[in-house]
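Each remark here refers to the structure printed beneath this line.
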Amino acid sequence: MMWPAWLPLRSDLKPLSPYGAPQLPAQASLNTNENPYAPSIALQQAITAAVAEASSSLNRYPDRDAIEVRTALASYINEENRTQFTINNIWAANGSNEIIQSLFLAFGASSALGFTPSYSMHPLISKVSDTQWIDGKRNHDFSFNIDFAIHDVALNKPNLTFITTPNNPTGEAVALREIEALAVVVGENGGLLVVDEAYAEFSSERSAVNLIEQYPHVVVIRTMSKAFAFAGVRVGYLIANPAVINAMLLVRLPYHLSALTQAAANVALDFRVESLGNVAELISAREDLVASLHALGLRTLPSAANFILFTGFEASSAQLWTQLLEKGVLIRDVGLSSYLRVTVGNDAENKAFIEALSELL
Ligand SMILES: *Cc1c(COP(=O)(O)O)cnc(C)c1O
């Protein structure tokens, strides 16, 4: 991007590119790890009614502390784990991306570390918030290596260490005991360990929320965008020690979570059994998709999420991505040469993807 000379843009921002997963019309949209299942009619009606009720007082600011949403999120996490979190352990914002940004605003000071390849927004938000980003090391097959990770933390002493589990774009879940080993060394070096669990509901690994009581510097990020099938509403949340939540209050913008967002989120949390009802189906579709990819002679990385990173095709990633799009199937080129990532869709979408792929290989 060439910026005009008169624009007083921060010089450290000039070389950056905005986040830009293509939003293109396609028969099968399998590129941003969305849940393919739309809200049921009953859920749509309940949301509409709640939004209608909230709209009668839209002249007023919303609940600044989103008490009802955070209370419901605490009970969801407690149901899923053997924890006893209260509202004082939960923060909610407009997507987990806003949570990540708030963590940088509060704690970004010196440097942040993450294990590449992982979620591209961690380094981007780091740079935008003027925190030095350090790319930590993984194994050559992209699997997480706890010894490398411990070494990177001890060497760099970052304020924030990010680990994504299951990892995006590779799909690998990291065992809780390895996260605990990392938590120990992060604690010794005076930082926070940020565990991004955007895809936790698709994994059978225990959640890092179980570490928070013993390790107050462990913070866990979750989202309603993926398993909850609620990406359009923008609700992400943080589970952490109350001291971390108090720091979020310092950096948040007043009334950041709109009354309409809060109304919709409360309904979706009430309907959580239903909203999460398709998770098992997506896990089984993931296993079918892996088998189909293998049958086509492709290789996949083990995935505990709702997407699969695959390789073993002859064309370049960019070529195959374009050819699939021409056949109406939009997947994701994550910038790893000779790999592509596909989101698990509904039956028709998965079938369209496999059919298009088998014609191209
Ligand atoms: C999709 C994703 C998010 C989600 O972001 P929202 O802002 O909550 O939609 C966060 N972290 C990772 C690793 C993701 O893949």
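When a ligand or atom number is given, it counts from 1 through the structure's own listing order.
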Near-ring test [Y]/[X], centroid separation under 6.0 angstrom:
X      : Y      : value
Phe142 : Tyr339 : yes
Tyr199 : Phe307 : yes
Phe144 : Phe162 : no

Apart from Tyr255 itself, which Ile, Leu, Val, Met, Phe, Trp or Tyr residues share its cluster (side-chain heavy atoms under 4.5 Å, direct or through members)?
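Hydrophobic cluster check, Tyr255: joined to Tyr61.
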Would you tabulate the side-chain donor-acceptor contacts of residues 188-198 under 3.5 Å, counting partners in other chains and residues two or more places apart, or write 'none'?
unit_1	atom_1	unit_2	atom_2	d
Asn189	OD1	Lys157	NZ	2.8
Asn189	ND2	Val185	O	2.8
Asp196	OD1	Ala198	N	3.2
Asp196	OD2	His122	NE2	2.9
Glu197	OE1	Ser207	OG	2.8
Glu197	OE1	Arg222	NE	2.9
Glu197	OE1	Arg222	NH2	3.2
Glu197	OE2	Ser207	OG	3.3
Glu197	OE2	Ala208	N	2.7

Applying ring-ring contact (aromatic ring centres under 6.0 Å, His included), can you list everything that pairs with His256, at least two apart in sequence or on another chain?
Trp91
At a heavy-atom distance under 4.0 Å, which protein residues reach ligand 1? Sort them by chain and number, would you?
Gly95, Ser96, Asn97, Tyr119, Thr164, Asn168, Asp196, Ala198, Tyr199, Thr223, Ser225, Lys226, Arg234
